[in-house]
Structures are given as structure tokens and as C-alpha cells.
Amino acid sequence: YDRDYALEQKAVAALQQEILELEKAHTESNEEIVKLEQENRSLSKTLQEAEKYMLTYKEDLDYIGHYKSMLGELRDINGNLDKELREKEDRIRGLQRREAELSSSL
């Protein structure tokens with residue numbers, strides 16, 4: 001009987017040790033889960049910030065494209081106005097020469 005009791009006590013002690021190890025592993029697993037959840041939240045926040053930045057960057061690129069287009073249009077207008085100015089200056093010089101010729105012939 002004592003021998004059986006001693007074996008039972010040994011088995012109970014082993015089971016209790018296994019229970020303690022399982023509880024410790026469970027606690028460690030829960031701590032790891034909490035740590036991973038915190039890391040996930042941090043990474044999600046970083047991702048949201050990056051997405052916000054990318055959206056702002058895309059909007060900026062859209063504005064830049066729009067302004068480049070407007071700048072091209074302004075250059076075209078400026079080129080046309082410059083051409084018109086040169087044509088009018090040429091016309092004025094021609095009229096001045098003609099006036100000078102008419103004045104000298106009178």
C-alpha cells in the first residue's frame with residue numbers, strides 16, 4: 001500500500017508540475033498575444049499614416065500636373081502675344097517708313 005501511495009504521490013506531483021508548466025506556457029502565450037496585438041496596433045497606425053501621406057502626395061502630384069498644364073498654356077499664350085507684338089512692331093515700323101517716305105515726297 002505504501003508503495004502504491006508513493007507512486008500516486010509521485011504521479012500527482014508530476015501532474016501538478018505539468019499543470020504549473022502549462023499555466024506558465026499559457027501565461028507566456030497570453031503575454032505574447034498582448035505584445036503582438038500592441039505591435040499590430042502600432043503597425044496599423046503607421047500604415048494609416050503612410051496611406052494618409054500617400055494620399056496627400058497623390059493630391060500634390062495632381063495639383064502639380066494641373067499647374068504644369070496651366071504653365072504650358074501660359075507659355076503658349078505668351079508666345080502668341082510675343083508674336084503678335086513683333087508683328088505689330090513690324091507694322092508700326094513699316095507705317096513709320098511709309099510716313100517718312102510720304103513726308104519727304106511732299
Side-chain angles (χ1 to χ4, degrees):
Y1 174 78
D2 287 337
R3 187 174 167 203
D4 289 340
Y5 181 74
L7 288 174
E8 278 185 26
Q9 289 300 316
K10 192 175 182 182
V12 167
L15 286 174
Q16 287 176 337
Q17 183 61 35
E18 287 293 321
I19 289 170
L20 289 175
E21 289 177 17
L22 286 172
E23 286 175 345
K24 180 181 176 187
H26 177 72
T27 300
E28 289 172 356
S29 293
N30 283 342
E31 289 171 356
E32 183 68 17
I33 288 169
V34 168
K35 179 183 166 190
L36 291 172
E37 286 173 340
Q38 290 172 341
E39 187 175 339
N40 186 6
R41 281 191 293 276
S42 175
L43 290 173
S44 294
K45 182 179 178 185
T46 302
L47 179 61
Q48 288 172 348
E49 290 170 358
E51 288 172 342
K52 182 179 176 183
Y53 172 80
M54 291 302 294
L55 180 61
T56 301
Y57 180 73
K58 182 189 175 306
E59 289 172 353
D60 289 348
L61 287 179
D62 291 343
Y63 286 128
I64 289 170
H66 177 69
Y67 291 132
K68 280 185 177 181
S69 174
M70 287 175 59
L71 181 60
E73 290 173 15
L74 288 173
R75 284 183 179 152
D76 291 344
I77 291 169
N78 191 40
N80 291 337
L81 289 173
D82 188 49
K83 181 181 173 187
E84 285 179 33
L85 178 62
R86 280 181 276 144
E87 289 171 354
K88 288 181 181 185
E89 286 175 342
D90 289 344
R91 187 167 178 208
I92 289 171
R93 280 191 288 275
L95 290 172
Q96 287 172 338
R97 278 193 301 269
R98 186 164 177 186
E99 179 184 21
E101 289 170 2
L102 289 172
S103 292
S104 63
S105 67
L106 290 176

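Since the structure is predicted, the reported quantities are computational estimates derived from the model, not experimental observations.
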Nearest-0.5 Å distance that lies between atom [atom1] in [X] and atom [atom2] in [Y]:
X	Y	atom1	atom2	value
Leu71	Asn78	CG	CG	10.0 Å
Asp82	Glu87	CG	CD	10.0 Å
Lys52	Glu49	NZ	CD	8.0 Å
Leu15	Glu8	CG	CD	11.0 Å
Asp90	Leu85	CG	CG	9.5 Å
Lys88	Leu81	NZ	CG	9.0 Å

Side chains of Gln9 and Tyr5 only: does a donor on one sit below 3.5 Å from an acceptor on the other?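 Note: Gln9 and Tyr5 side chains meet the donor-acceptor criterion.
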| request: Establish, from distance only, whether the side-chain atoms of His26 and Asn30 form a donor-acceptor pair under 3.5 Å. | output: yes
**Request:** For Ser29 and Ala25, indicate whether the former's side chain and the latter's backbone hold a donor-acceptor pair under 3.5 Å.
**Result:**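 Here the side-chain-to-backbone pair exists.
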Is it the case that the side chain of Ser42 and the backbone of Gln38 share a donor-acceptor pair, with hydrogens and angles ignored and the cut-off at 3.5 Å? no
When Lys45, Glu39, Glu37 are each screened for side-chain contact (heavy atoms from CB on, under 4.5 Å) with Arg41, the one that passes is Glu37
Around atom [atom1] of [X], are there more than 12 heavy atoms from other residues, nucleotides or ligands closer than 6.0 Å?
X	atom1	result
Arg98	CZ	no
Arg3	CZ	no
Glu28	CD	yes

- Do Met54 and Leu47 belong together in a cluster built from hydrophobic side chains that touch within less than 4.5 Å? no
